[in-house]
Amino acid sequence: MMLISRFWYAILAVALAAAVALVYIGINQHNRIRVSDTRTIVEHDRDIVDWYLQVDSRRRLDALELISVDSKVQANLNKATAADGKVPQDVRDATKKALEELAPKYAAAIHDEGKGGTNPNMLFVVDARGRVVGSVNFDRAAMIKDESAFELGGYPVVADALHGWQRDDTWVVDREAIYRVVAQPVVAAEGAAPIGAVVGFRRVDEGYARRVVEYTYAPVVFFVNPPDGDGLKVIARGKPEKVDLNLDELKLDAQMLATDEHFQKEGVTSLKTAGNLAYEVSRMIGQGWDMGAGYAVARKSIPINDPNALLQQADEGDKKAVPVPFVGGILAAALLVGLLATFLEHSMPLGKLRREAAKLAKGEQDAFPLAKLSGAYRRIGQDVNEGFERVIAKGGGASRKAADLEQILGPVPAAPQMSAFSFNFDSSSSSSPSGGGSLDSKSAPDLFPELPPAGAAPPPAIATLGSPVSSPSAPSAFSAPAAAPAAPPPKPASPPSRPQAPPPKTPAERAKADEEAIARAAAMLEDDEDATQVAKIPEELMKASATGEVKAIENADELVQWRTTFEEFVAMRKKCSEPTTGLSFEKFQVQLRRNKEQLVKQYNCRRVKFTVYEKEGKAALKATPIKD
Amino acid sequence: MRFRPLQAPLRRRSALRSALPLAAALVAPAALVLGAAHAGDLKARVAGYEALRPQALASAVASNSHAFTWRLFDRLVAEKYTALSADPEKDVTVAVYGEGPHRFGLEARIRLAGGRATPATVVVPAGVPITFVNDDPFLHTLISGDLKRDLKPGETHKITPKGKGLLTFTDSQAPGVKAFVVIEDGVIMNLAPGRDGAVKFAEAPAGSYVFKAFFEGNAKATSPTLEVKQPAGLEVKDPLVVGTLPSAAPSASASAASK
């Protein structure tokens, strides 16, 4: 049956399916958590960049103090504000000179000295009328046609500073540049009106993006998306060196921003994806809020779509994290259990079969010993044995099947009449063509319908046993229950299945009749697989049977065995819920003796072994001739 | 303090200056014959501009405008100076109505500089062209009705208004830029107040004049008819009040905020 092996295969199949299911559950869980985590990270990045921009503005504002309190700057501002028309050239020159001295200090104060000797911080001094008195590092200075007419006072951030406010702002210039602007009033005396303002510009370029990345560790992209422009333009971007992502994949889309309600209302998009990136976009606070200044922060986010991607995305560290001993232990244990199961249920029984087959081949045995085989191999052995029998039978040999007592005795009524067995040896009840049956079967025909009726061929008296019912004069001890001495005669109405020979009159006739009956019985045994198996009938046995010699039970041991057999038979009937009323050992042994005599005569054996077994839910007996 | 006529182009003034001797030579004999009055200064003053707040500045400091992250009050500055208000030199225009030809010359000019339009308002009679000049080192985009024009640094744009009315010009590049053009009959010139609000029509010919003070395209104050007689001219005692300060100004320190 290989139950363990099949159960193990089922376990392995379930485990495999569970493992695959777990992998998919894990992938989905990973993706869900990753999306959530990525959103959190990106939102944090966005907040951090926003905070950095605020802190950066504040730092620049505070650093403007270096300029606003400078005495030279204040003196020049006083002169400039007092001048109608244009600012005198000497005032502008002096202011510019002062700024050139202060600019490096300002850059150092905010840790933004720039690279290559270029100070990226533009500084302006504006008088109370909004006119620019002096400037340094202004990247658009070449575009000013008349420096004396250059003004900044109309911008809200500067106008605020001229009214005593420190303020920051973000400008979008020419639809392609972003300037971070801070302005601070210049106050010459406490309680007086500001005499001017100092203004600082910082263009958002690659250097500024690097600074943002350096302080925030967030990949960031600054862009301009002017509402009246040609579309979104990325102006600067940067990412930490150790962060593995390609910002080229971040294709910011003006249309997407225009249709994003949250962005239009709050200035911040929800989490977006582009390629392997997850990102969010935010407007920059200041005048640029409405003019398209913004930034995006991005993080790499690669969902795992299938188990194959799970392996592809694993790096060496991931692979090293596999608990190899644990996994190897599972593998070894599963392998051992499987091998053990197949060894116990396959290899071992097969080996037994192989060994028994070898013995069979060598002639050490005539058939497979079924008791040594198990499972399917027992069935195979049984089939092979039956095959042998068929071959033997076809070849004219004697069957070696065990004799079935029922086949010998005929059917036994389920409810014995009176108190005795009603083993019907009546020819009228044994006419079934099946020829099979059991002791407990009412309808089962007698296997030996042609055996002489009890009255015609009474078995020898068993005087040694003292059976009260063993009387050669009785029609049949089994057909005439003790409780009913006048046993009913065999039913004449039952049509015999085969023509009945007239009862023999002389011993010679009886012997001849017996010989013919035994021969017919043997022939029937050959035709019926379920019939009692008996050894091949030797010729001398046939001769002996012809003489009509019957041996009596010679020793009490056999009687003891029969007693045991009787008890087993009664127990089996009870087990099969068959009635046992009227069963007695005396009657039982008479029947056994009679059948033994018949078999001994038939097979020329010394004794017969009776075995109780269950057949189709009923108790039955098998008789096996034993030669030795 | 020097007062000058608004928007008289330098080149035009140079041209006029060169033509004045000739004109004087032609007109003087006629004046003597006709008894024309000698010129005198016509002076006036604009008051209350501190109460005016330009729209651009007002919207830029609104708390919900996302205009800034830091806006901190400097405690060294007296509170009375902290309220954003109109700049009389740039945001207030005094239009002079009178008899005779206008004095705009060939055009009136509006400078786009420093994040605003200067002057913010011009009042001209019909037929006087308006020229916008970008004096900033930044791009400006002039928008009004169907007009949308990018002005690179140094570029100009000229319009000639038809009919009467008010034209408003904005700038998509600089929200602080707002220009207003008022087309009215009888306007002969514009005056820009000084920082103290004083205006002067220098050498005004004898005649009747009316001053109107404009802020963001709207007349905020109108003077009575001013009769200038020779030779002394006229100084208007009552100021042109363009705005009234609220009785209690909000505390500047209270509005110090950071977003």
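Proteins get letters first, then strands, A, B, ... in listed order; numbering begins at 1 in each. These numbers come from a predicted model, not from an experiment.
In this structure, chain B has a heavy atom under 4.5 Å from the backbone of A/A189, while its side chain stays farther away. For chain B, no part of A/S68 is nearby; none of its heavy atoms comes within less than 4.5 Å. Using a 4.5 Å cut-off between heavy atoms, A/R283 makes no contact with chain B at all. At a 4.5 Å heavy-atom cutoff, B/K80 makes no contact with chain A through either its backbone or its side chain. Residue B/S85 touches chain A through both its backbone and its side chain, counting heavy-atom pairs closer than 4.5 Å. Heavy atoms of B/K152 lying under 4.5 Å from chain A are absent altogether. A/A192 touches chain B through its backbone: at least one of N, CA, C or O sits under 4.5 Å from a heavy atom, while the side chain does not.
Annotation: ring-ring contact (aromatic ring centres under 6.0 Å, His included) contacts of A/F150 (sequence neighbours excluded): A/F138.
Heavy-atom pairs under 4.5 Å with chain B were tallied for A/G267, A/P227, A/P185; the largest tally goes to A/P185. Of the listed residues A/L152, A/T170, A/V132, the one with more heavy-atom pairs under 4.5 angstrom with chain B than any other is A/L152. Your options are A/R175, A/R167, A/R140, A/R58, and the one with the most heavy-atom pairs under 4.5 Å with chain B is A/R167. Interface summary for chain B: among A/A193, A/P226, A/G288, the most heavy-atom pairs under 4.5 angstrom belong to A/A193. Taking chain B as the reference chain and counting heavy-atom pairs below 4.5 Å, the highest number among A/M143, A/Q166, A/R131 is found for A/Q166. If you tally non-hydrogen atom pairs under 4.5 Å between each of A/V187, A/V172, A/D50 and chain B, the highest count goes to A/V187.
The 12-atom threshold is exceeded at CD of A/Q89, counting heavy atoms of other residues, nucleotides or ligands nearer than 6.0 Å. Within a 6.0 Å sphere centred on NZ of A/K72, other residues, nucleotides and ligands contribute 12 heavy atoms or fewer.
Ion pairing between B/R53 and B/D91 fails under the 4.0 Å rule for side-chain N and carboxylate O.
For B/D74 and B/Y81, the side-chain atoms include no donor-acceptor pair closer than 3.5 Å.
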For this session: Please step through salt bridge (charged side-chain N to carboxylate O under 4.0 Å, His left out) for the pair A/D112 and A/R59, ending with a clear verdict.
Result: CA-CA 11 Å; A/D112 187 17; A/R59 186 181 294 122; over 6 Å; no
